[in-house]
Amino acid sequence: MGIAIDTNLYLLCSLINVSYKKISTDYSGMSIDEILEKEKEAGNVQAEQFDKEVLNNPAKLIQLLQLKNPANKFAILSNLNESDLDDLLPLLSQEDMAIGLNYFTKEKILNLVQELPKNQLVIYTLQMFSPEQIMMMMPNEEMNKVLQSTEMKEMKGLEQTMLQILKPEILAQMIEAATGEKAKGVGEIGLDGKPKFDKAALLQQLMEMDDDQFQESLLSIPETNKQFFMLGMVKEKPQILTLFSADAYTKMMNDKKEKADLVKYANVIEGEQLVKMMQHLPKELTAVVLTQIDTDKFTEVLMKNFRDVLGQIVAC
């Protein structure tokens, strides 16, 4: 079955030296290959030269098949198999592939971005939320998981530095939670009814703890203070953001952003990852997305890999 697209019949007539009347009547409904075969049998020299003159000339092919027309692109793309369409996806820009996310539900987009490499997910999330906003929305259990991670053990020096931002009463609370004993830096109750604190002594006790006990002490930081504590470390070492779970990020997006926002910022995702996401579309919608492909690139691919498809196009 031929591929019906809006071709430039007058140009075809000129290229193979056949009248418009003959093309539109005698050859009506025939594919370009069938027309050429008929003309070759009749001794038409220009028809013999068609492959060389047109199928090897991108400019003429674009003009003949009117490939700048998205409807024509779609008609051709619809006749390719799913594997061929997937192979064409990398030819799209990141912006064009991101637009393709409009064909997914919000839930599906969130499922797809959850599968991104963590560094890509973080880059994407940072388009929608600042580090401050991220940490203010980060659940306590998520922060605790990160604070207990092997990666954070290797950043003990940074954690100890960030202890400076905490109030001494919180430092005392951390020590008592980890050791079960009263902190040494807590003095007698003053006239104001509050105990006096020796912050330097409290910090020293925390720094002398072994790794496991130190990490245990961090868990007892009150949630709001812990968010600021983590934020300070994130500003020094942004890679810490990759230690939080994908679920934490997609929940933020689900709670605070609309589908339009998820699509809008997806152009920062690497092309290779966007291709994987687009491969979840049905074949017909993949073809729709691919109509955005650059016409010159599309023509080049057709000439190189799909000459048989070009021959099936009906002159109409």
Side-chain angles (χ1 to χ4, degrees), residues 1-97 99-100 271-272 275 278-279 281-316:
M1 185 176 178
I3 304 171
I5 68 172
D6 185 16
T7 54
N8 187 333
L9 284 182
Y10 290 103
L11 178 59
L12 179 61
C13 294
S14 173
L15 291 170
I16 61 175
N17 193 28
V18 174
S19 70
Y20 180 84
K21 181 179 179 181
K22 188 174 184 180
I23 290 283
S24 58
T25 54
D26 295 0
Y27 296 150
S28 177
M30 286 189 180
S31 70
I32 291 176
D33 264 3
E34 291 171 332
I35 295 172
L36 292 174
E37 191 58 36
K38 290 285 187 182
E39 286 300 308
K40 287 175 185 177
E41 290 173 1
N44 185 330
V45 177
Q46 285 179 252
E48 294 280 356
Q49 296 295 313
F50 183 86
D51 283 7
K52 181 180 178 181
E53 294 295 325
V54 179
L55 295 187
N56 290 318
N57 187 319
K60 284 186 179 178
L61 193 61
I62 289 171
Q63 191 178 0
L64 174 64
L65 303 183
Q66 301 192 74
L67 293 177
K68 291 184 179 180
N69 183 339
N72 283 359
K73 284 181 182 175
F74 177 73
I76 295 171
L77 290 163
S78 296
N79 282 271
L80 305 184
N81 61 45
E82 287 187 29
S83 177
D84 289 332
L85 292 177
D86 287 346
D87 288 343
L88 291 176
L89 285 170
L91 297 179
L92 290 174
S93 68
Q94 287 169 244
E95 289 77 9
D96 288 339
M97 278 191 283
I99 291 172
E272 180 181 353
V275 167
M278 290 300 100
Q279 289 172 344
L281 285 173
K283 178 188 170 187
E284 182 176 331
L285 289 178
T286 303
V288 172
V289 173
L290 281 167
T291 59
Q292 301 171 100
I293 195 170
D294 176 79
T295 301
D296 291 334
K297 290 180 181 178
F298 183 51
T299 305
E300 182 181 340
V301 170
L302 289 177
M303 292 167 59
K304 183 178 179 181
N305 300 323
F306 299 106
R307 285 180 179 260
D308 57 328
V309 174
L310 292 175
Q312 297 170 31
I313 292 173
V314 173
C316 59

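Residue numbers run from 1 in the order of the sequence given. This is a predicted model, so every value here is computed, not measured.
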Let's go through Leu65 and Ile313 carefully: what are the C-alpha distance in whole Å and the side-chain angles of both, what is the deciding distance for side-chain contact (heavy atoms from CB on, under 4.5 Å) to 0.1 Å, and is it a yes or a no? CA-CA 9 Å; Leu65 303 183; Ile313 292 173; 3.6 Å; yes
Would Ile62 and Phe298 satisfy side-chain contact (heavy atoms from CB on, under 4.5 Å), going step by step from the backbone distance to the final call? CA-CA 10 Å; Ile62 289 171; Phe298 183 51; over 6 Å; no
Testing the basics here: between Asp26 and Met30, what is the closest heavy-atom pair and its distance to 0.1 Å? O-CE, 4.1 Å
Looking only at heavy atoms, what is the nearest atom pair of Leu85 and Lys283, with distance? CD1-CG, 3.5 Å
Chi angles and distances behind the side-chain contact (heavy atoms from CB on, under 4.5 Å) call for Leu64, Leu12: CA-CA 7 Å; Leu64 174 64; Leu12 179 61; 3.7 Å; yes
Correct closest heavy-atom pair for Leu302 and Leu67 would be CD1-CD1, 4.1 Å
Check whether any side-chain N or O of Glu39 sits under 3.5 Å from a backbone N or O of Asn44 as a donor-acceptor pair, and report yes or no. no
Please tell me whether Glu34 and Tyr27 have a donor and an acceptor in their side chains that are separated by less than 3.5 angstrom. no
Student check: side-chain heavy atoms of Phe306 and Asn79 closer than 4.5 Å: no
To the nearest 0.5 Å, tell me how far Ile3 CD1 sits from Gln312 CD. 4.5 Å
Hey, is NZ on Lys68 packed in by over 12 heavy atoms from elsewhere, all under 6.0 Å? no
Side chain to side chain donor-acceptor pair (under 3.5 Å) with Asp96: which residues, sequence neighbours excluded? Ser93
Chi angles and distances behind the side-chain contact (heavy atoms from CB on, under 4.5 Å) call for Phe50, Ile32: CA-CA 10 Å; Phe50 183 86; Ile32 291 176; 4.1 Å; yes
Contact list for residues 285-303, test side chain to side chain donor-acceptor pair (under 3.5 Å), sequence neighbours left out: Lys73-Thr295
When rounded to the nearest 0.5 angstrom, what is the spacing between CG in Asp51 and CG in Asp33? 7.5 Å
SG of Cys13 to NZ of Lys22: how many Å apart, nearest 0.5 Å? 10.5 Å
Just wondering, more than 12 heavy atoms not from Glu82 lying within 6.0 Å of its CD? no
Compare every heavy atom of Met303 with every heavy atom of Leu55, then report the nearest pair and how far apart it is. O-CE, 3.1 Å
Is any side-chain heavy atom of Leu15 closer than 4.5 Å to one of Lys60? yes
CG on Leu77 to CD on Glu284, rounded to 0.5 Å: 12.0 Å
So, taking the atom named CD1 in Ile16 and the one named CD in Gln46, what distance separates them when rounded to the nearest 0.5 Å? 8.5 Å
Lys40 atom NZ, neighbour heavy-atom count above 12 within 6.0 Å: yes
Neighbour count above 12 (heavy atom, 6.0 Å) for Gln49 CD: yes
Rounded at 0.5 Å granularity, tell me how far CG in Asn69 sits from OG1 in Thr7. 11.0 Å
For Leu88 and Ile293 the tightest heavy-atom approach is O-CD1, 4.4 Å
Where is the tightest heavy-atom contact between Leu89 and Met278, given as atom of each residue plus distance? CD1-CB, 3.8 Å
